[in-house]
Amino acid sequence: MDWYSRRTYGRSLDPAKALGHHSRVLWSHLRFERSVARWNRLDAGLRALAVMASAASIGCSWCMDFGYWENAGRGMDPRKLREVPAWRDSDAYTPLERDVMEYAEAMTANPPTVTDDLAERLRTRLGEPAFVELTAMVAVENLRSRINAALGLTSQGFKDSCDLREASRPSSAGVD
């Protein structure tokens, strides 16, 4: 597992190391994740925003870090990825993306606060298969984020490796 993580992601993944303390849990989780990776009815960008909005609601810094890295590497707008925790105050998102993130937060709330109106808007705009996949992806991210948060896993610095251009740009604060 360590070899695969290093080869695929450039480092060992903390969640895999943590789950590795119980091999049946680890291998069941890996089989499940491989199956989830094959779902393809929901647009990948919408899936990313839903997953990250759920992770932000739970407060999983590991998931936010990895999600930024993974989706920036797929060419997603870095601004959209950065602004997920404050999406309501951002003008970076389309109305559909806003509905997806609202749905992810509402599903993640305890108890869930999804309204019939929001669910119907999404079902109408996405279609039944993509709406079901959206719902399942948010539930999957709740599983991931809650495990990681409960085990105390935090950012591994994935985002730092893809933010070099941003980090090298001079700050305008205090500069004339």
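Predicted, not measured: the structure shown is a model, and the values here were computed from it.
Looking at Arg79 and Asp91, a side-chain N of the basic residue comes within less than 4.0 Å of a carboxylate O on the acidic one, giving a salt bridge. Taking 4.0 Å as the cut-off between side-chain N and carboxylate O, Glu70 and Arg74 count as a salt-bridged pair.
The minimum heavy-atom distance linking Ala104 with Thr108 is given by the pair O-OG1, 2.7 Å. Scanning both residues, Ala55 and Cys63, for their nearest heavy atoms gives CB-CB, 3.6 Å. Summarising the geometry of Ala53 relative to Glu105, their closest heavy-atom pair is O-CG, 4.3 Å, with the distance given to 0.1 Å.
Side-chain contact between Leu122 and Leu96 is present, with at least one heavy-atom pair separated by less than 4.5 Å. Residues Glu83 and Asp89 have side chains not in contact (no heavy-atom distance under 4.5 Å, counting atoms from C-beta outward). The side-chain heavy atoms of Leu30 and Tyr4, taken from C-beta on, include no pair separated by under 4.5 Å. Considering only heavy atoms from C-beta on, Trp62 stays 4.5 Å or farther from Ser145 through its side chain. Side-chain contact check for Glu33 versus His29: some heavy-atom pair is nearer than 4.5 Å. At a threshold of 4.5 Å between non-hydrogen side-chain atoms, the residues Val100 and Leu42 do not count as touching. The side-chain heavy atoms of Leu153 and Pro15, taken from C-beta on, include a pair separated by under 4.5 Å. In this structure, Phe66 and Gln156 have side chains that are not in contact, with every pair of non-hydrogen atoms separated by 4.5 Å or more.
Clustering ILVMFWY residues whenever any of their side-chain heavy atoms sit less than 4.5 angstrom apart, transitively, puts Ile147 in the very cluster that holds Val36. In the hydrophobic clustering of this structure, Met137 does not group with Ile58; members are Ile, Leu, Val, Met, Phe, Trp, Tyr whose side-chain heavy atoms approach within less than 4.5 Å, directly or through other members. No single ILVMFWY cluster, assembled from side-chain heavy atoms under 4.5 Å apart, contains both Val51 and Val138. Residues Met107 and Leu49 fall into different hydrophobic clusters, defined by Ile, Leu, Val, Met, Phe, Trp and Tyr side chains chained together at heavy-atom separations under 4.5 Å. Cluster annotation: Val114 and Leu46 are assigned to the same hydrophobic cluster (Ile/Leu/Val/Met/Phe/Trp/Tyr, side-chain heavy-atom contacts under 4.5 Å, transitive).
One finds the OG1 atom of Thr8 at 7.5 Å from the CH2 atom of Trp3 (value rounded to the nearest 0.5 Å). The distance from atom CZ of Arg82 to atom CE of Met52, rounded to the nearest 0.5 Å, is 10.5 Å. Rounded to the nearest 0.5 Å, atoms CG (Leu151) and CG (Leu19) are 7.0 Å apart. With values rounded to the nearest 0.5 angstrom, Asp116 atom CG is found 11.5 Å from Arg121 atom CZ. Of the inter-residue distances, the one linking Asp43 atom CG with Leu134 atom CG reads 11.0 Å to the nearest 0.5 angstrom. One distance of note links OG of Ser155 with CG of Asn148; it measures 11.5 Å at 0.5 Å rounding.
Of the listed residues (Arg125, Lys80, Arg88), just one forms a salt bridge (Lys or Arg N to Asp or Glu O under 4.0 Å) with Glu97, and that residue is Lys80.
In terms of modelled atom types and a separation under 3.5 Å, the side chain of Tyr93 and the main chain of Asp99 share no donor-acceptor contact. In terms of modelled atom types and a separation under 3.5 Å, the side chain of Asp65 and the main chain of Ser61 share no donor-acceptor contact. A donor-acceptor distance shorter than 3.5 angstrom exists from the side chain of Arg98 to the backbone of Trp87, with no hydrogens or angles considered.
Other residues, nucleotides and ligands place more than 12 heavy atoms under 6.0 Å from the CZ atom of Arg146.
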Would you sort out whether Tyr68 and Val84 count as a side chain to side chain contact (heavy atoms under 4.5 Å, CB included), showing the intermediate values? CA-CA 10 Å; Tyr68 183 97; Val84 166; over 6 Å; no
What do the steps show when you test Arg41 against Leu126 for side chain to side chain contact (heavy atoms under 4.5 Å, CB included), and what is the final call? CA-CA 9 Å; Arg41 295 299 186 97; Leu126 296 173; over 6 Å; no
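Cation-pi geometry between Arg123 and Phe131 is met: the NZ or CZ atom falls under 6.0 Å from the ring centre, inside 45° of the normal.
A donor atom on one side chain and an acceptor atom on the other are not found under 3.5 Å apart for Glu141 and Ser54.
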